[in-house]
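The structure appears right after this line, and notes come after that.
Remember, predicted model here, so these are calculated numbers, not experimental data.
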Amino acid sequence: MLLWLVAALTAGTLAPPGPVGTTGRQGDFAAAAREFGVPESVLLGVSYLESRWDANGGRPSVAGGYGPMHLVDARAAAPAGPLHPQGDARGDDSRPMGPLPEISPEPSAERRAPADTLRQAGRLAGLTPDTLRRDPAANIRAGAALLASYQAAPSSDPADWYAAVARYSGADDQAAGRAFADQVYAVLREGASRVTDDGFAVRLDPQPGLRPEDAGAPAGTGALRGPGAPSPAAPPPAPGGAECPATLSCEWMPAAYERFGKRKNRDYGNHDRMIQARPIDYIVIHDTEGGYAGVPSMVRNPRYVSWHYTIRSADGHVAQHVPTRDIAWHSGNWDVNSRSIGIEHEGYLAKGTWYTEAMYRSSAALVKYLAARYHIPIDRAHILGHDNVPGSTPKSVAGMHEDPGPYWDWAHYFELMGHPLTPPRNTSGSSVIIRPAYTVNLSYFTGCAATDSSRRCAPRGASTVWLRTAPNPDAPLVTDRGKHRGRPATYSVYDHSARASTGQRYAVAGRQGDWTAIWYLGQRAWFYNPASNPSAVAARGPLVTPIRRDVRVYGRAYPERSAYRGTRPERLVPLQYRISPGQLYALGDTFTGMHISADSFDPARHVITRGRLRYHQIQLGHRVMFVKADDVRVIR
């Protein structure tokens, strides 16, 4: 046992060698439900939608919620902003952005601060705030007391608790509260079971016939629902509406589209409007690195950046800012911006907060809706994290963003979208999909403490594996010449250069004992992958291999120079990386080069250039990148 523990820690992953306990927390829910007259299934359903029954080590969510019942301490909620203040989110050489302004939240932001349910619940249950933060059983008991206080009349019928559940969400409007309750009752109908983050097996039996009286009402008011059939030229949202599935609470919170400065057509922000239909190949997942209350001030400032949607942590409420037909400035790579939709999630990459189930479920529903509408495959080659977006030029590679980071649960996210990351039957051989067990994959990281970047982060579930130069826990991490310019990779939570992430597919480069090698940034990279607790699953899919030495890699799939008409040609600038024969990389998609010239306030002046030069998108490292199709051979 000791040898296993040492090996797991030094390999960068820690997981228990055997089954975990199956008693304890289920009993806490049952006892609290009996004491306060709440149907046990309702208590379990509310807690699942807030925290998936996890205690999260006593850390608060970004909304300031603690414990399995997400009892909110308003003092612990994230400050209003700013969101991603550094870097050029537009990522266009022809029109670089200037320094971003310092933005103060609107005065109304304070009115949107979360209610302090931690102290309210503590008073009802006779428990101190500190006890509710650190003791999961006490947290469950106080949450039951709070939920019971919202119930108009005692009832043992779960269908009668809809209004109380909606109020428990803490939403600041009726539509958002109803959407939260709708999701809770969807969980009750589906059922759920899992082992929580501190080793308890909890189960909620499905109640497929449960239909609360209020649940049939629409979740939102005045929301414009997107068309049912996919439409790449969908109209922009009507005033007061948003492009969302009908099951979500969505609002239209428009981003600024205004002129400023002296150059009439070039000084404008904070996004580009499109008249012609643009191809949409990606959905990019971000976290805000700030609180939701600051969002209105930022998206309404024409000198700031933009994104299409923001999802609130506490209740999963969605705000849309830019129509999906238009180009938001969010990823730092103009080519990706011009072919993507960007979604921000209220949260932090590494500040000790966690992502709520309500937010995961709203995001998954939104992405599934958008993917169907724009024919986007639901896989990790097209549903990207901001940390998977490549730098557009060698100069920009090192400064690309790292969110949503290793604590985003990609496996659960894809399960919610109905595309679980499980291997097809009878699969073995040339590819693997990274798939560690999130809850028990307690990877070693540093840098979560703002005051000490060398201090180890508190152990918590993670979705990445460390990559080493040899099949040995003492071997150095692999290097990323673009990220570190030849210097060693680090264990910083903000440094993904020696990590592979859940859902990403790589070509197998070797196996030795409990270790598997993949091709990564032009080198063999080894990760710990024991059969008793695998960190990857076998996968099928096409691969590419170079047909000549030193094949160049690109961060943008731009057309050949001769294709441009009426606009300045963009240079094909290769990145620092090169690949050679014998190496194999997972093929994610194939594109014909395209470029959108959008450097005028007047969208009628935008020019879309489509060429003949074909590119393959490959999983080169942690980020996707592009190679010219003529430089490689595809292996099916």
Side-chain angles (χ1 to χ4, degrees), residues 24-79 110-154 161 163-172 176-177 180-181 184 196-198 200 202 291-293 312-315 346 351-359 458:
R25 187 153 300 173
Q26 187 93 45
D28 294 336
F29 280 108
R34 287 193 302 270
E35 181 179 0
F36 294 100
V38 180
E40 183 179 347
S41 62
V42 172
L43 190 61
L44 284 164
V46 169
S47 176
Y48 188 89
L49 198 63
E50 296 281 25
S51 68
R52 295 182 77 207
W53 306 320
D54 283 340
N56 289 290
R59 297 179 298 271
S61 74
V62 70
Y66 284 89
M69 295 304 298
H70 194 255
L71 297 176
V72 174
D73 182 350
R75 303 171 193 174
E110 290 189 8
R111 294 197 297 271
R112 290 190 291 270
D116 197 327
T117 58
L118 184 83
R119 288 166 179 80
Q120 182 183 353
R123 287 191 292 270
L124 291 168
L127 296 166
T128 66
D130 182 61
T131 300
L132 300 185
R133 294 187 194 99
R134 60 179 173 77
D135 185 340
N139 186 279
I140 293 168
R141 183 170 173 268
L146 182 65
L147 184 59
S149 74
Y150 296 154
Q151 176 67 4
W161 285 74
V165 170
R167 186 176 173 187
Y168 191 94
S169 70
D172 56 5
F180 177 88
V184 169
T196 63
D197 59 356
D198 42 3
F200 293 98
V202 181
Y292 185 88
R312 192 162 61 198
S313 173
D315 55 7
E346 186 186 13
K351 287 191 177 180
T353 60
W354 44 277
Y355 302 111
T356 64
E357 179 67 5
M359 187 166 67

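Counting all heavy atoms, side chain and backbone alike, Ala181 lies closest to Val165 at CA-CG1, 3.8 Å. Of all heavy-atom pairs between Gly177 and Ser169, the closest is CA-OG, 3.6 Å. Phe36 approaches Ala145 most closely through the heavy-atom pair CE2-CB, 3.5 Å. Taking both residues in full, the closest heavy atoms of Ala32 and Arg141 are given as CB-CA, 3.8 Å, listed atom of the first, atom of the second, then distance. Here the closest heavy-atom approach between residue Val38 and residue Ala144 is recorded as CG2-O, 3.7 Å. Closest of all the heavy-atom pairs between Gly45 and Val184 is C-CG1, 3.8 Å.
Residue Tyr168 holds its OH atom at 8.0 Å from CZ of Phe180, rounded to the nearest 0.5 Å. To the nearest 0.5 Å, atoms CG (Leu43) and CG (Leu147) are separated by 6.5 Å. In this structure, CZ in Arg119 is found 4.0 Å from CG in Asp73, a value given to the nearest 0.5 Å. Atom OG1 of residue Thr131 and atom OH of residue Tyr66 lie 13.0 Å apart, to the nearest 0.5 angstrom. Rounding to the nearest 0.5 Å gives a distance of 10.0 Å between CD of Glu50 and CD of Glu357. Put simply, CG on Asp197 and CZ on Arg52 are 10.0 Å apart, with the number rounded to the nearest 0.5 Å.
Neither side chain, Thr356 nor His70, offers a donor N or O lying under 3.5 Å from an acceptor on the other.
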Between Thr117 and Met69, is the side chain to side chain contact (heavy atoms under 4.5 Å, CB included) condition met? List the steps.
CA-CA 10 Å; Thr117 58; Met69 295 304 298; over 6 Å; no
Assess the residue pair Phe200 and Gln26 against the criterion (side chain to side chain contact (heavy atoms under 4.5 Å, CB included)); give the C-alpha distance rounded to whole Å, side-chain angles, the decisive distance to 0.1 Å, and a yes or no.
CA-CA 8 Å; Phe200 293 98; Gln26 187 93 45; over 6 Å; no
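Under a 3.5 Å cut-off, the side chain of Arg25 and the backbone N or O of Trp53 do form a donor-acceptor pair. With hydrogens and angles ignored, the 3.5 Å screen pairs no side-chain donor or acceptor of Gln151 with any backbone N or O of Ala164.
Under the 4.5 Å side-chain criterion, counting only non-hydrogen atoms from C-beta, Val72 is not in contact with Asp116.
Residue Asp28 forms a side chain to side chain contact (heavy atoms under 4.5 Å, CB included) with just one option from Ile140, Asp135, Asn139, and that option is Ile140.
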